[in-house]
Q: 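One structure coming up, written as structure tokens, with questions to follow.
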There are 2 protein chains.
Amino acid sequence: MQKYFITKENLLNRVILGDDAYQIQTVLRFKGGEKIMVSDSNKTYYAKINTVTKDEVTFEILEEKAGNTELPVFVSIFQGYPKGDKMEEIIKHGTELGAKEIVPTFMKRSIVKLEEKKIHSKLQRFRKIAKEAAEQSYRDSIPEIPSIPYLKTIDFSSFDVKIVCYEESAKNGELKAFKNIISNLSENMRVACVIGPEGGIDDAELEYLKAKGFIPCALGPRILRTETAVFYILSAISYEMELKK
Amino acid sequence: MQKYFITKENLLNRVILGDDAYQIQTVLRFKGGEKIMVSDSNKTYYAKINTVTKDEVTFEILEEKAGNTELPVFVSIFQGYPKGDKMEEIIKHGTELGAKEIVPTFMKRSIVKLEEKKIHSKLQRFRKIAKEAAEQSYRDSIPEIPSIPYLKTIDFSSFDVKIVCYEESAKNGELKAFKNIISNLSENMRVACVIGPEGGIDDAELEYLKAKGFIPCALGPRILRTETAVFYILSAISYEMELKK
């Protein structure tokens, strides 16, 4: 079943507008009568479509959806800005896997430079990818992608737990830090995870983060690509906290 | 440090040939004296390059590399053949995350059809991706990609544990089966994981697999894309078995 995130106002007015309405008419070819889910990022409802035009779809609410699909902790991913379209892949899969916030972050070894005027359009695109991935994975909310900052401008003071992925730890056989932290998380904690870009975290950055309370962690004995580290972290948190024995 | 998988014969003769030699000369521009790792998929050695031409690189062995970077269980991923270039992404990241065997598998809802003559070249390409990902992630061996079979032709009798990802389980709030299985694995067990293509596992396929001893599992409460399921499974196995508290 297709899910749509809409504004609180549109939920109140029982309408879907814009690109979503266009997709419902043109791609899905809905005519009315079909069941969908709608959410204002707070509550999710089962709904039935009434009328369809390319600009506006109207619906009626059938019932509130029970259950919760959000990770029990607030995970922010500070992802060293990677090459190519890897940032999009990270946002797509990171959203499915439950990240609450994804912050593309310029670090020393980021190759990509974005002009100020390009940042706005990048953010628009990233947010669209996050919305679509949240809809597809039946998330209850869309992850925030607030800005594309430089590492040293970020205020990490609100986080309870701070992790920095460090591949030298993997090479040195350090395999305790990450599990120690993740197995001791409790509900609603705020977890910051910093992941370097392709070249990894620079030594000065590592020292800076350690001074801010970050713990260097290896994610198993293999060396993971920058985009794979996110998948590992979020999957491990889900496995530890959401799955039961 | 760059790692190269070479044949037993080339290891004995202390030479690197073919594409790898070309890359060492042309891309890395090594001249001799540089340190690398070489492996015959059995043992890995630190080595020093002696001479470089575009066809042949010679080296001497410095010492055997200690440690092990392989998952403690043999995980075979039977991946429903997906659309676009997702199979390549799955092989790349699945290799980094420790899969021992990746089997692109035609299932009922696979859209892609490959002519017989295309299968050979696809397999060549997939194996090249696996080799490069195994080198980059410092694996001790390259995952096997034996063939591209139809689901019903596969013999699963050698596996100790059999998992099929089933998104209806996630929708129904089933969150125990996967962790129950993974937390009870012991070293060297053989684990088969079947993952459907984009449309998921077909009902008849699910019944067929259940009759073969497969357990349907949800991977958390969110609905994962086909390519994300692999990352979740392998990350969870690594977290459970490789990381220590």
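In what follows, every chain begins at residue 1, and chains take the letters A, B, ... in the order their sequences are listed.
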Q: Got a second to check how far B:S238's OG is from A:L224's CG, nearest 0.5 Å?
A: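 Going from OG on B:S238 over to CG on A:L224, the span is 8.0 Å.
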Q: Measuring from atom CD1 of B:I223 to atom CZ of A:R139, what distance do you get when rounded to the nearest 0.5 angstrom?
A: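 Result: 13.0 Å between the selected atoms.
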Q: Going through the distances and angles, do A:E227 and B:K92 end up as a side-chain contact (heavy atoms from CB on, under 4.5 Å)?
A: CA-CA 11 Å; A:E227 68 271 30; B:K92 191 166 68 174; 4.2 Å; yes
Q: Which one, A:Q136, A:E96, A:K245, leads in non-hydrogen pairs under 4.5 Å with chain B?
A: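 Of the options given, most contacts go to A:E96.
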Q: Quick one: pull up CG in A:L243 and CG in B:L219 and give me the separation to the nearest 0.5 Å.
A: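 So the CG of A:L243 and the CG of B:L219 are separated by 7.5 Å.
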Q: What part of A:L97 gets within 4.5 angstrom of chain B, counting heavy atoms only: side chain, backbone, both, or neither?
A: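 Both parts, backbone and side chain.
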Q: Within a reach of under 6.0 Å around CD of A:E144, are more than 12 heavy atoms found that belong to other residues, nucleotides or ligands?
A: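 No, because the 6.0 Å sphere around CD of A:E144 holds 12 heavy atoms or fewer from other groups.
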Q: Check whether B:K179 reaches the backbone of A:E240 with its side chain - one donor and one acceptor, N or O, closer than 3.5 Å.
A: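 Yes, B:K179 side chain to A:E240 backbone: donor-acceptor pair under 3.5 Å.
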Q: Should we count CG of A:D19 as having more than 12 external heavy atoms under 6.0 Å?
A: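 It does not: A:D19 CG has 12 such atoms or fewer within range.
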Q: Counting heavy-atom pairs under 4.5 Å to chain A, which of B:T228, B:D140, B:L234 comes out on top?
A: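 Answer, by heavy-atom pair count under 4.5 Å with chain A: B:T228.
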Q: Report yes if the side chains of A:K244 and B:E174 come closer than 4.5 Å at any heavy-atom pair, otherwise no.
A: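 No, every pair of side-chain atoms sits at 4.5 Å or beyond.
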Q: If you count the non-hydrogen atoms of other residues, nucleotides and ligands that lie under 6.0 Å from OH in A:Y22, is the total more than 12?
A: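 Open: at most 12 neighbouring heavy atoms sit under 6.0 Å from OH of A:Y22.
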Q: Does a sphere of radius 6.0 Å around CG in B:N184 hold more than 12 heavy atoms from other residues, nucleotides or ligands, not counting ones at 6.0 Å or beyond?
A: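 Enclosed: over 12 neighbouring heavy atoms sit under 6.0 Å from CG of B:N184.
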Q: Write out, in numerical order, the residues from residues 68-80 of chain B with a heavy atom short of 4.5 Å from a heavy atom in chain A.
A: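 At a heavy-atom separation under 4.5 Å, chain A is reached by B:N68, B:T69, B:E70, B:L71.
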Q: I'd like to know if A:R222 and B:E242 make a salt bridge, using a cut-off of under 4.0 Å between side-chain N and carboxylate O.
A: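 Looking at B:E242 together with A:R222, the answer is yes, because their closest N to O distance falls below 4.0 Å.
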Q: If we ignore angles and hydrogens, is there a donor and acceptor under 3.5 Å between the side chains of A:Y239 and B:S235?
A: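 No.
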Q: Which bit of A:I182 is near chain B, if near means a heavy-atom gap under 4.5 Å: side chain, backbone, both or neither?
A: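 Both parts, backbone and side chain.
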